[in-house]
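Notes for the one structure printed next.
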Protein chains: 2
Amino acid sequence: MTESLVVHVVDDEASVRDSLRWLLESVGLRVCTHADGEAFLAEYRPQTCGCVLLDIRMPGLSGIEVLERMAQDGRRVPVIVFTGHADVPLAVRAMRLGAFDFIEKPYSDSLLLERVQRALSMRRETRDREVALEETRRAYERLSARERQVLAGVLQGRPNKLIADDLSLSIKTIEVHRANLMQKMGAHSLADLIRRVVQAGIEP
Amino acid sequence: MTESLVVHVVDDEASVRDSLRWLLESVGLRVCTHADGEAFLAEYRPQTCGCVLLDIRMPGLSGIEVLERMAQDGRRVPVIVFTGHADVPLAVRAMRLGAFDFIEKPYSDSLLLERVQRALSMRRETRDREVALEETRRAYERLSARERQVLAGVLQGRPNKLIADDLSLSIKTIEVHRANLMQKMGAHSLADLIRRVVQAGIEP
DNA sequence: GGCGGACTAGGGGATACCCTGAATCGTTTC
DNA sequence: GAAACGATTCAGGGTATCCCCTAGTCCGCC
């Protein structure tokens, strides 16, 4: 299942986009180009697969600003920053914003390809885990308000009786909500449920 | 409880160590100096508090190698790398190894102090959480072999009856081990136990 | 009017939890 | 050597809790 690994190229110069596209496609990679930061962010989703080649010097949003925006909603795509006007503070800033790598122009084709392959293989490694986390978050979104209230109680380790008291419901009703939310969350046991929720970072 | 925040200075030149000590102590910080990477790693523990100022160019272990060693057993101390022979690839390498910051010599005193304060405040923010995780790990270390086997079954969501079958023991025995390990782990409920274990990264 | 989802609830069997009691075994301590 | 301690094993009995099946109401939608 490595089909959907796309290299997203973000650069304002068409010549750079074209040469990168040619280079990457020459080794069989799928490429998607974006002329500026806004255009890329408009298409970007946290669950986007593949990796990103991001220029720093661009009109409009700079690459640093793009990194900041991506960091806000939990980036999972590795981003390789490349720029012709590199210095140490800039590289440090990009890396602190979670960039996967930082390449100075001019770069050799082989170096860039190697870094791209490294980013893609990291992405592949972490992909399954993140897909599972996304599924958990989506499942949580599908819970009803009552089910989330019950889940909150369950996560606090409260027995059904106390959850029932909190919500002024009968124990039997809590049991049903509990069974339903287990079903919806795809959990096979209480341990499974809590592990999924904790790992997905859900804290109601 | 900010008493034990120490700035660890690792540099082979005594003059640098002395001037950094003077600078840091002049603003009331506690300082501990180390003449090389080996000496520092010998004293370093993952739960060490404070932050580290690490030179790259040193005889013996380089700063990069020190970072690699620290990364192996889960560094939690923020490390500020500083070097007089900086270039972008070196900075990127250090940051990829999890350095908190990267400063070029010569640096201004105020810049260095600001970065140190930033590292210390990050350390303070994450400290309580990590202390709790450490306690969980230590508690797990104190479990007996049988208790860990039972815990493994509990984490898989298996009911006591099945755990008993797996280990060819009676349900009553499983109940005892389970109660004992809950006690030892300081867990107030099954949900609490699982959250602690998952967050501490324990996967038997 | 029917259909599905959310919410509510009871009965009964299985399971977990707590208390008391007890035996064996190995290590440490006095 | 005796005593103390912790780990491990098992049992009975009672209470609390959980889980599955069944079943009713309400509401929005086709």
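Proteins get letters first, then strands, A, B, ... in listed order; numbering begins at 1 in each.
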Subject >> Euclidean distance, atom CZ of residue A:Arg142 to atom P of C:dA6 [Å, nearest integer] >> reply: 11 Å

Original post:
What do you reckon, is CD of B:Gln183 surrounded by more than 12 foreign heavy atoms closer than 6.0 Å?
Top reply: no

Original post:
When only distance counts, do a donor and an acceptor, one from the side chain of B:Lys172 and one from the base of C:dG21, lie under 3.5 Å apart?
Top reply: no

Original post:
Side chains of B:Arg127 and B:Cys49: closer than 4.5 Å at any heavy-atom pair?
Top reply: yes

Original post:
Which two nucleotides bound the region of DNA chain D that has atoms under 4.0 Å from heavy atoms of chain A, read 5' to 3'?
Top reply: D:dT17 to D:dC20

Subject >> Rounded interatomic separation in angstrom, taking CD from A:Glu147 and P from C:dG5 >> reply: 12 Å

Subject >> Nucleotide nearest A:Thr173 (side chain, heavy atoms from C-beta), chosen from C:dA9, C:dG11, C:dC17 >> reply: C:dA9

Subject >> Length of the CG-C1' vector between B:Leu193 and C:dC17, whole Å >> reply: 15 Å

**OP:** Looking at every strand, decide which applies to A:Ile171 at a 4.0 Å heavy-atom threshold: base, sugar-phosphate, or nothing.
**Re:** nothing

Original post:
For B:Arg93, does the CZ atom have more than 12 heavy-atom neighbours from other residues, nucleotides or ligands under 6.0 Å away?
Top reply: no

Subject >> Within 6.0 angstrom of A:Lys105 NZ, more than 12 heavy atoms from elsewhere >> reply: yes

Subject >> Gap between atoms CG and P, on B:Leu190 and C:dA16 respectively (whole Å) >> reply: 10 Å

Subject >> Base-pairing string, 5' to 3', of DNA chain D - Watson-Crick or wobble, under 3.5 Å, | interstrand >> reply: ||||||||||||||||||||||||||||||

Subject >> Exceeds 12 heavy-atom contacts within 6.0 angstrom, atom CZ of A:Arg21 >> reply: yes

Subject >> Between C1' of C:dG26 and CZ of B:Arg146, the distance in whole Å >> reply: 16 Å

**OP:** Would you mind reading off the distance between B:Ile174 atom CD1 and C:dA16 atom C1', rounded to a whole angstrom?
**Re:** 13 Å

Original post:
Would the number of heavy atoms belonging to other residues, nucleotides or ligands and lying under 6.0 Å from CZ of B:Arg118 be above 12?
Top reply: yes

**OP:** Specify the separation, in whole Å, of atom CD of B:Gln183 and atom P of C:dC17.
**Re:** 14 Å

**OP:** Indicate yes or no: at least one non-hydrogen side-chain atom of B:Leu23 is less than 4.5 angstrom from one of B:Leu112.
**Re:** yes

Original post:
So what does B:Ala145 hit on the nucleic acid, given a heavy-atom distance under 4.0 Å: a base, only sugar-phosphate, or nothing?
Top reply: sugar-phosphate

Subject >> Earlier contact from the 5' end, DNA chain D, for A:Val176 and A:Lys161 >> reply: A:Lys161

**OP:** Establish, for the pair B:Arg115 and B:Phe82, whether the NZ or CZ atom is under 6.0 angstrom from the six-membered ring centre and no further than 45 degrees off its axis.
**Re:** no

Original post:
B:His177 NE2 to C:dC17 P: how many Å, rounded?
Top reply: 15 Å

Original post:
Should B:Arg146 and B:Gln149 be marked as a side-chain hydrogen bond (donor to acceptor under 3.5 Å, both in side chains) after you check the CA-CA gap, both sets of side-chain angles, and the distance that decides it?
Top reply: CA-CA 5 Å; B:Arg146 268 287 191 243; B:Gln149 289 175 318; 2.7 Å; yes

